[in-house]
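Down below is the structure, laid out as structure tokens.
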Amino acid sequence: MPKGKIYSVFDRGEYIGSYTPDVAQLVIGIPQYRVQAYAKENLLYHNRYSFELEGSGSLTAKEQNEKLENDLRLTARFLLLANERGWKRAKGK
């Protein structure tokens with residue numbers, strides 16, 4: 001599976017993030033090789049998760065804005081959590 005492909009992932013229709021197949025495997029447990037097939041066939045993984053190849057042009061402007069807002073919220077939450085837990089950047093980065 002090409003690592004360059006990024007898929008929008010939805011949990012019961014609600015956007016939860018954009019992931020490569022290897023990251024989707026870590027986040028929701030789907031095998032990497034199945035992400036493309038589930039996206040192509042519009043199938044639900046565990047009757048819950050759906051996938052859509054990004055850049056396929058099927059998102060409306062409103063959906064793209066919602067996606068960007070959700071990405072921003074998720075990033076902000078992660079940064080706050082990282083700050084609370086005292087995570088530090090690796091040396092030299």
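- Side-chain contact between K5 and L53: present, with at least one pair of heavy atoms (C-beta onward) separated by less than 4.5 Å.
- Separating the CG atom in D22 from the CD atom in Q32 is a distance of 5.0 Å, to the nearest 0.5 Å.
- For the atom pair CZ (F51) and CZ (R34), the distance works out to 10.5 Å, reported to the nearest 0.5 Å.
- Residues I28 and Y19 have side chains not in contact (no heavy-atom distance under 4.5 Å, counting atoms from C-beta outward).
- A distance of 10.0 Å separates CD in Q25 from OG1 in T20, rounded to the nearest 0.5 Å.
- With hydrogens and angles disregarded, a donor-acceptor distance shorter than 3.5 Å links the side chain of Y15 to the backbone of S18.
- Under the 4.5 Å side-chain heavy-atom criterion for Ile, Leu, Val, Met, Phe, Trp and Tyr, V27 and V35 are members of the same hydrophobic cluster.
- No donor-acceptor contact under 3.5 angstrom links the side chains of S8 and E52, judged on distance only.
- Side-chain heavy atoms closer than 4.5 Å link hydrophobic residues (I, L, V, M, F, W, Y) into clusters, and following such links, possibly through other members, connects Y7 to L43.
- Remark: side-chain polar atoms of Y45 are paired, donor with acceptor, to backbone N or O of G29 under 3.5 angstrom.
- Counting all heavy atoms, side chain and backbone alike, S50 lies closest to L44 at CB-CD2, 3.7 Å.
- Counting only heavy atoms from C-beta outward, the side chains of Y38 and I30 approach each other to under 4.5 Å.
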